[in-house]
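Inspection log for the structure reproduced underneath, given as structure tokens.
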Amino acid sequence: MALHVMEEANRCLGCKKPRCQEGCPIHTNIPEVIRLLKAGKLDDAGWMLFENNPLTTVCSLVCNHEGQCEGHCVQGIKGTPVHFSVIENYISTTYANKMVKGPAPSNGRKAAVIGAGPAGLTIAIILARYGYQVTIFDSRDKIGGVLRYGIPDFRLPDSVLDDLAYRHLELKGIQFRPNTYIGGAITIDDMFRDGYQSIFVGAGLWKPNKLRIRGESLGTVAYAINYLASPDAFHLGERVMIIGTGNSAMDCARTAVRKGARHVTCVSRTDEITASQYESSYARLEGVDFLLNKCTLEIRDDGVILADSSIDENGKIQPVPGTEKLYPCDFVIIAVSQGAESNLVTSTKGIDTSHSGLLTVDEDGHTSRPGVFAAGDAVNGARTVVEAVANGKRVAEAMHEYMQSLPMPKTTDYPDAPVATSVRASAQTEQLL
């Protein structure tokens with residue numbers, strides 16, 4: 001592994017104007033990281049990666065490298081780009097084992113993060129570096145959000161997220177409150193009451209978009225976000241049809257193959273596969289088929305009714321009459337993206353949203369309510385992990401600036417509790433102390 005990494009590192013030209021860095025949404029200083037590695041300063045390279053991107057171990061595995069750093073590499077113009085993903089993964093995973101630094105001194109202020117996805121984790125880690133007492137709230141039992149419940153384990157092992165939780169949350173003193181849905185028993189107003197001076201909303205997109213066709217409620221149908229969260233809960237059979245050709249559809253297809261499906265087909269309304277070439281090529285390699293230019297008309301117990309598609313004079317995709325055909329399958333997965341759930345917003349006064357339910361913010365993540373910030377998928381819709389991290393970094397700085405402008409919180413004083421007179425009670429208290 002190390003030999004292969006050094007071979008890639010030695011191919012880097014160290015460009016004065018690094019196109020790779022320009023292509024990275026978080027502007028990782030790739031030439032300097034590689035220079036430090038080649039100079040035998042792996043720890044310095046690792047520190048630089050984590051300082052710039054707290055989720056560097058994750059991004060090294062799931063980033064769209066072909067469209068970002070590697071896609072901009074000058075070596076790739078006439079040949080093969082430098083595979084920085086391999087270099088980043090080696091440095092970050094090796095250096096992560098050495099990260100044992102405890103929490104920063106407390107600055108006496110509290111901040112809340114709703115949602116343990118990439119944007120929320122990034123913000124929590126950066127605020128903890130400043131000394132804020134940070135609590136992360138999430139409706140799931142473990143951190144990660146879409147990273148854990150929307151990306152298959154063969155692409156992003158849970159062990160990577162578990163290590164991140166230990167290195168960045170437990171060691172840094174960040175509290176995690178799992179299985180807590182904000183907008184139900186606990187509201188944003190409750191959080192302000194309890195002393196949080198700033199609140200970040202990064203609840204993600206967990207509401208599947210529907211096809212709105214007959215048969216969508218059948219027992220042989222699942223939405224991609226639900227299937228990927230718990231694939232073992234579904235019995236697929238041998239033939240699986242996936243409606244959609246994005247990256248989530250590729251994750252569903254490749255997971256279905258690993259769960260025993262013998263024939264997996266992805267369907268697109270157009271002649272394009274919207275997933276990255278990297279993901280779609282792996283799907284093809286693993287035996288996934290594609291049906292292009294097909295409209296989905298109806299789902300039945302024994303298959304899906306598809307028709308050829310065409311574009312009308314208004315630019316809308318329409319089925320071609322007379323081309324309807326039943327395509328047999330045992331199970332259907334609908335992978336046409338997700339939308340925002342509204343409980344959190346509807347339970348909170350003063351937060352504006354767009355017509356699609358996404359939160360409305362300014363360039364620094366301020367919502368229309370003072371002290372409430374947002375970023376990531378809750379604002380921009382489904383985007384890449386590294387874009388969520390980049391947005392999270394910007395919003396974390398805005399939250400820091402906002403909280404520093406506020407007076408220090410006052411501690412409520414209560415009268416001392418009566419001293420226990422029972423000998424037995426006193427002994428128990430002494431043992432607890």
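Scanning all heavy atoms of the two residues, the minimum distance from Ala396 to Ile126 falls at CB-CG2, 3.7 Å. Considering all non-hydrogen atoms of both residues, Gly67 and His72 come closest at O-CE1, 3.6 Å. Taking every heavy atom of both residues into account, Thr270 and Leu292 meet most closely at O-CB, 3.5 Å. Heavy-atom minimum distance, Gly392 versus Thr122: C-CG2, 4.1 Å. Nearest heavy-atom pair, Phe331 versus Leu236, reported as atom, atom and distance to 0.1 Å: CB-O, 3.3 Å.
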Begin from the C-alpha positions of Arg35 and Lys38 and carry the test side chain to side chain contact (heavy atoms under 4.5 Å, CB included) through to its verdict. CA-CA 5 Å; Arg35 188 194 69 78; Lys38 291 165 65 175; 5.9 Å; no

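Ion pairing between a basic and an acidic side chain is recognised when a charged N comes within 4.0 Å of a carboxylate O; Arg167 and Asp163 show such pairing. The pair Lys17-Glu22 does not count as a salt bridge, with every side-chain nitrogen at least 4.0 angstrom from each carboxylate oxygen. One finds no salt bridge joining Asp138 and Arg177 here, because no Lys/Arg side-chain nitrogen approaches an Asp/Glu carboxylate oxygen to under 4.0 Å.
Under the salt bridge (charged side-chain N to carboxylate O under 4.0 Å, His left out) criterion, Glu279 pairs with Arg155, Arg254, not counting sequence neighbours.
Once rounded to the nearest 0.5 Å, the distance linking CD of Glu7 with CD1 of Ile87 reads 11.0 Å.
Under the 3.5 Å distance criterion, with hydrogens and angles disregarded, no donor-acceptor pair is assigned to the side chains of Lys393 and Asn53.
Inter-residue side-chain proximity for Asn226 and Pro208 is flagged as met; some heavy-atom pair is nearer than 4.5 Å.
Aromatic ring orientation, His366 versus Phe373: tilted (interplanar angle from 30° to 60°).
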